[in-house]
Colleague: 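Dropping a structure here in structure tokens format, bear with me for questions.
This is a predicted model, so every value here is computed, not measured.
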Amino acid sequence: MNICSQVKPDSVTVKYILILLFIVSSVTASAGVVELHNGDRLEGELVRIEADHLVWKSSNFGEQWISKIKIKNIQSERPLKINGSKAACQLQNMDGADLVYQCENSSRVRRSSLLTIKTLMPYEDYKKGAWIHHGRLNLWGAYSRGNEVRDEWNLQTEIELRRADFRHVIGGDFARASWNYSAPQERWNGRYSLDWFVADQWFWYNSLLAGADPQRGMANYRSVGSGAGYQFFENLTSALSLKAGAAYMDENYIFPQELIGEFASGDEFIAMRVATDFRYTMPWGVGFFHNNELLQSAEDKPNWRVKTTTGLSSMILKRIYSEFKIDYWLDNEPQPARKGADTRMSLGVSYKW
């Protein structure tokens, strides 16, 4: 009797130990792993992609933000939402910079550059409608007294909200300048855009813009645009995208003080729009960027405009960047007493979150 009473508790104990080991092994097997190029491995699970980073919940270190360019491989057993597919997708592996995966609604194995992918999150979070947000605030100015009297300030801000395959961008600029105690001139604009990532590299954009630019003779202006965009490539060092579509323009002009001849107080027209966006990361982490936009009106005597922005950016501290850029405008039909070309150079500090 004593022997039996000793054996029975041991059997129960072994049984519970085996069940516990099975549960632990199941949890471990289902956990994901992210491998970095430096050889580090982090067990845990994918949370989401935010811009240039993968948010990973490590089993040992909590939530980690990992730059995409540092990632060698991602393993996850969880169904994921990847932009361009409404069905749940399963990761297979990474081949170089490409993520290899397969979605439930297709037997085709897909490949997409990890840097190009804008939406990557657990499918259950996608169903819940999780929001992702980013922002940027840039400030620069000039103040002088003595031989030169000058006050000039420029504020730029942009907020990005993402939900699944849709991205909302709200931004605005405000500039105020005065020389030799003259009446200050104010230039401003507010903008909103909605992008829908319909496939791995394709997206549909819609935009609204309103503002005023007295220096260029614009009392106020408004535009509405729509079109398609394509991401040609996005890798460790560079990226290039193209947008093409149409825009409706509504402009009101400032009446010139000295005018000879007729003057149109405003204009409404439809224009074709083509824009490119290029970036390249140079050594020491210095980023080069260049984007341009061409507007060609569809009137009988079409006018056209070109705007380009070229610059360099470099991180000073975490989330704080210095930025130097050159903006250039060219209008083949400027307002009376206004020049067709404008160039502006600026150096400022940006805070990004």
Side-chain angles (χ1 to χ4, degrees), residues 29-58 64-127 130 132 134 160 162-167 195-205 227-244 276-281 287:
S30 62
V33 176
V34 59
E35 302 178 37
L36 308 183
H37 287 291
N38 64 1
D40 290 346
R41 290 169 55 91
L42 294 176
E43 294 186 354
E45 267 307 338
L46 185 149
V47 179
R48 63 187 177 273
I49 272 184
E50 289 203 19
D52 297 330
H53 291 80
L54 173 72
V55 183
W56 185 267
K57 188 174 183 180
S58 169
Q64 301 290 310
W65 285 56
I66 307 171
S67 175
K68 289 181 181 179
I69 63 177
K70 296 181 179 180
I71 296 174
K72 180 180 179 181
N73 194 19
I74 303 174
Q75 299 175 17
S76 178
E77 298 297 327
R78 301 178 68 180
L80 301 174
K81 163 62 181 175
I82 302 178
N83 59 276
S85 176
K86 294 183 178 180
C89 301
Q90 203 73 45
L91 294 184
Q92 295 187 3
N93 58 4
M94 282 190 66
D95 184 7
D98 292 340
L99 201 65
V100 182
Y101 60 97
Q102 188 173 6
C103 301
E104 292 179 352
N105 60 351
S106 174
S107 60
R108 180 170 64 92
V109 176
R110 304 185 181 184
R111 302 169 61 95
S112 299
S113 169
L114 178 62
L115 297 179
T116 304
I117 291 176
K118 306 300 182 184
T119 304
L120 182 64
M121 64 174 64
Y123 195 75
E124 58 188 35
D125 291 346
Y126 160 67
K127 284 296 187 180
I132 301 172
H134 300 284
E160 177 181 317
R162 294 200 55 182
R163 185 175 183 180
D165 292 333
F166 294 90
R167 176 176 63 187
D195 298 331
W196 177 22
F197 297 96
V198 296
D200 296 342
Q201 293 174 280
W202 287 96
F203 59 93
W204 175 36
Y205 75 87
Y230 185 77
Q231 189 81 41
F232 286 98
F233 58 84
E234 187 171 7
N235 52 45
L236 300 180
T237 58
S238 60
L240 175 64
S241 63
L242 170 71
K243 292 181 180 179
T276 61
D277 190 351
F278 174 76
R279 67 163 177 82
Y280 178 76
T281 302

Colleague: Is there a side-chain contact between Lys127 and Lys81 in this structure, where contact means two heavy atoms from C-beta onward sitting under 4.5 Å apart?
Modeller: no
Colleague: Look at the side chain of Gln102 and the backbone N and O of Ser107, then say whether any donor-acceptor pair between them is shorter than 3.5 Å.
Modeller: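 Yes, the answer is positive, given that a donor and an acceptor are paired below the 3.5 Å cut-off.
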Colleague: Could you check whether any side-chain N or O of Lys68 sits under 3.5 Å from a backbone N or O of Ile117, counting only pairs where one atom can act as donor and the other as acceptor?
Modeller: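 It does hold such a pair.
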Colleague: For Leu80, does its backbone N or O pair with a side-chain atom of Gln90 as donor and acceptor, under 3.5 Å?
Modeller: no
Colleague: What distance do Ser67 atom OG and Leu36 atom CG have between them, rounded to the nearest 0.5 Å?
Modeller: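 Here the rounded value is 10.0 Å.
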Colleague: Side chains of Leu54 and Ile74, heavy atoms from C-beta outward: is any pair under 4.5 Å?
Modeller: yes
Colleague: Would you confirm whether Arg162, through its side chain, and Lys118, through its main-chain N or O, come within 3.5 Å as a donor-acceptor pair?
Modeller: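 Answer holds: yes.
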Colleague: So, the side chain of Glu45 versus the backbone of Gly32: is there a donor-acceptor pair under 3.5 Å, distance only?
Modeller: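 Present.
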Colleague: Closer than 4.0 angstrom, basic N to acidic O: yes or no for Asp125 and Arg48?
Modeller: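 Result for this pair is no, no salt bridge flagged.
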Colleague: So Phe203 and Val198, do their side chains get closer than 4.5 Å, heavy atoms only?
Modeller: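 Counting from C-beta outward, Val198 and Phe203 never come under 4.5 Å.
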Colleague: Indicate yes or no for a side-chain donor-acceptor contact from Asn73 to the backbone of Met94 under 3.5 Å, with no hydrogens or angles considered.
Modeller: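 Between the backbone of Met94 and the side chain of Asn73 there is a qualifying donor-acceptor contact (under 3.5 Å).
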Colleague: So, Tyr123 side chain and Lys86 main chain: donor-acceptor pair closer than 3.5 Å or not?
Modeller: yes
